[in-house]
Number of protein chains: 2
Amino acid sequence: MSHVRVALVDDEPLIRSGLAAVIGAEPDLVVVGEAGDGADVPDLVARTSPDVVLMDVRMPRVDGIAATRALVRAGSSARVLVLTTFSNDDHVVQALAAGADGFLLKRSTPEEVVHGIRTVARGESLLFPEAVRELARRHLLTTGAGVATELARLTSRERDVLRLMATGRSNPEIAAELVVGLETVRTHVASVLAKTGTRDRTQAVVLAYRSGFVTG
Amino acid sequence: MSHVRVALVDDEPLIRSGLAAVIGAEPDLVVVGEAGDGADVPDLVARTSPDVVLMDVRMPRVDGIAATRALVRAGSSARVLVLTTFSNDDHVVQALAAGADGFLLKRSTPEEVVHGIRTVARGESLLFPEAVRELARRHLLTTGAGVATELARLTSRERDVLRLMATGRSNPEIAAELVVGLETVRTHVASVLAKTGTRDRTQAVVLAYRSGFVTG
DNA sequence: CGCCGGCTCCCCCGCGCGGGGGAGCTGTGC
DNA sequence: GCACAGCTCCCCCGCGCGGGGGAGCCGGCG
């Protein structure tokens, strides 16, 4: 193969610009497409057939985990390299389960970024040293590793609801956002509370932040 | 003057690369220096005498607010443009008090960034539309009270209550914890909501996490 | 085919929460 | 002396939230 084709998915234009600048400077790498949300990933990949997708975790509508899952489910051959600001285990576990091939922290240097891209393009998986180290540290601190598994048990709709809860939305607001009935939202909220072992929405939101399910 | 001299201060290399790429593409702008922490700002400014400093808020050792304050106190003529991920008025108020000349959200487009740089370079101040809008939205919820207040104006007791709210405690639990009556806690909670412009405890807790008042 | 999990919507019920008042007590500052 | 801010506690009131059930629809799986 001549060039490694790279697609960028991040909601922050500045990050995309930075990645494009870094990647464009490498003779063996080429940026073939960009998207600002996970919802646009299937179309982007279909259009540009990238070898590697650099995927942000936190995005407004569809996050990188879900987008990765969608890619894998669609049988795409594109390798997914997940970009994350913080290396917390919830993201790592979820993304690995979703089928990601590696991790990069956003505070990585340009050298680390291009190295990571070449690594996953070769078919190897990449868990960036720093991410692994922080992952281990966190696991020692968290009590019994319950949280990640609890949150992992949530259905995709329940995750949607929890994400919106974590922005301070009320049940009626969430219902409007997701275009479903209020009763449906109440059901999902009840499921989230039951599965996470929390008593009310505030505790669920606290768990979401502390576990890194959402980033503050 | 020929070129607007710009210095970049951000702990994330990718953001710096992105900004450098965006700014370098403009004929009237030139990047004269970079730093990865607020602690290096005084030296950077002394060496490169920039017209505009693009300053991240959250940095590992010395944050952008403190670095801005240091610059102003040192009598620097450099204009400071603060970069923030979330437009919460706590950062806005603090940075304005410290002497910043404007704000940019990290999710800004390259066009918005270069426009912001030129604006503050002309000596005008810049409160980016989106930041202002979110700020205004928050303040519409508060009754009366003129200027931006937020977390900085909370009394020490109100901070205690907010900290406990941010652990998922209910009002009765907070009352037991602080050894005061339930009604007292309700009063403090009401004050916190009023001063932060939030509607319910969940929104207040979200604000506490996103602003870094508590750490997740 | 039937079973089951996920998503959707519906009912009733109790209670904690938040909004709106008021009030007494301290310590500080003019 | 007085004013004021902060902490404490009290009242009433409306409503959103959470708990407890049930039900229909769909797709996947054995």
Side-chain angles (χ1 to χ4, degrees), chain A residues 62 65-66 69-70 72-75 97-98 150-208, chain B residues 138-147 149-208:
Chain A
V62 175
I65 312 282
R69 200 176 293 117
V72 171
R73 202 148 44 194
E150 284 168 5
L151 288 176
R153 251 201 293 266
L154 296 181
T155 68
S156 71
R157 208 49 166 170
E158 287 158 0
R159 282 172 224 255
D160 292 341
V161 170
L162 178 54
R163 260 186 286 274
L164 290 171
M165 287 165 68
T167 68
R169 304 279 211 290
S170 67
N171 285 342
E173 287 171 345
I174 295 175
E177 196 98 8
L178 297 180
V179 200
V180 296
L182 174 58
E183 292 304 322
T184 303
V185 174
R186 295 167 72 86
T187 303
H188 289 318
V189 170
S191 295
V192 169
L193 298 187
K195 288 185 179 178
T196 57
T198 48
R199 180 182 53 199
D200 52 48
R201 67 200 300 107
T202 306
Q203 286 194 350
V205 168
V206 168
L207 185 73
Chain B
R138 282 185 180 283
H139 277 295
L140 286 181
L141 299 176
T142 55
T143 56
V147 207
T149 44
E150 288 291 301
L151 299 175
R153 272 186 57 183
L154 295 182
T155 68
S156 72
R157 207 52 164 169
E158 287 158 1
R159 281 174 223 257
D160 292 340
V161 171
L162 178 53
R163 261 186 283 272
L164 290 171
M165 287 166 68
T167 67
R169 304 280 209 292
S170 67
N171 286 342
E173 287 170 346
I174 295 175
E177 195 98 7
L178 296 181
V179 200
V180 295
L182 174 59
E183 292 304 322
T184 302
V185 174
R186 295 166 69 86
T187 303
H188 289 318
V189 170
S191 295
V192 169
L193 299 186
K195 288 185 179 178
T196 58
T198 48
R199 181 181 53 199
D200 51 49
R201 66 201 299 109
T202 306
Q203 286 194 348
V205 168
V206 169
L207 185 72

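We name chains A, B, ... by the order of the sequence lines, and we start the count at 1 in each one. Below, all heavy atoms of this structure are taken into account, side chains as well, without hydrogens, waters or symmetry copies.
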Exercise. For D:dG18, does either OP1 or OP2 sit under 4.0 Å from a side-chain N or O belonging to A:R199?
Worked result: no
Problem set entry | A:D200 CG - C:dC17 P separation (whole Å) | 8 Å
For this session: Write down the distance between CE (B:M165) and C1' (C:dC17), rounded to a whole number of angstrom.
Result: 10 Å
For this session: Could you check if a side-chain atom of B:V206 sits within less than 4.5 angstrom of a side-chain atom of A:T167, using non-hydrogen atoms only?
Result: no
Exercise. Could one point to a donor on the side chain of A:T187 or the base of C:dC7 with an acceptor on the other under 3.5 Å away?
Worked result: no
Problem set entry | Between D:dG18 (C1') and A:L182 (CG): distance, integer Å | 12 Å
Problem set entry | A:V189 side chain reached by A:M165 side chain, heavy atoms, under 4.5 Å | yes
Exercise. Which atom pair, heavy atoms only, marks the closest approach of A:A204 to A:L193?
Worked result: CB-CD2, 3.9 Å
Problem set entry | Within-4.5 Å side-chain heavy-atom neighbours: A:E173 and A:E177 | no
Problem set entry | A:P172, nearest nucleotide to its side chain (from C:dC17, D:dT8, D:dC17) | D:dC17
Exercise. A:V180 side chain: which of D:dT8, C:dC9, D:dG18 is closest?
Worked result: C:dC9
For this session: Quickly work out the A:L178 CG to C:dC9 P distance and round it to whole Å.
Result: 10 Å
Exercise. Of B:H188 and A:T198, whose closest DNA chain D nucleotide lies nearer the 5' terminus?
Worked result: B:H188
Problem set entry | Side-chain donor/acceptor contact of B:R186 with base of C:dG18 under 3.5 Å | yes
Seminar exercise, completed: Separation of D:dG20 atom P from A:L193 atom CG, nearest Å, is 11 Å
For this session: Calculate the interatomic distance between B:L154 atom CG and D:dG6 atom P; express it in whole Å.
Result: 11 Å
Exercise. Of all the choices, D:dC10, C:dC17, C:dC11, which nucleotide is nearest to the side chain of B:E183 once you look at every atom?
Worked result: D:dC10
Exercise. Looking only at side-chain N and O atoms, does A:S156 come under 4.0 Å of OP1 or OP2 in C:dC7?
Worked result: yes
Exercise. Among D:dC9, C:dC9, D:dG18, which nucleotide sits nearest the side chain of A:T184?
Worked result: C:dC9
For this session: Report yes or no: do A:T155 and A:R157 form a side-chain donor-acceptor pair below 3.5 Å?
Result: no
Exercise. In whole angstroms, how far is the P atom of D:dG19 from the CZ atom of A:R201?
Worked result: 11 Å
Seminar exercise, completed: Closest of D:dC17, C:dG18, D:dC7 to the A:N171 side chain is D:dC17
For this session: Can you tell me the distance, in whole Å, between the CD1 atom of A:I174 and the C1' atom of D:dG18?
Result: 14 Å
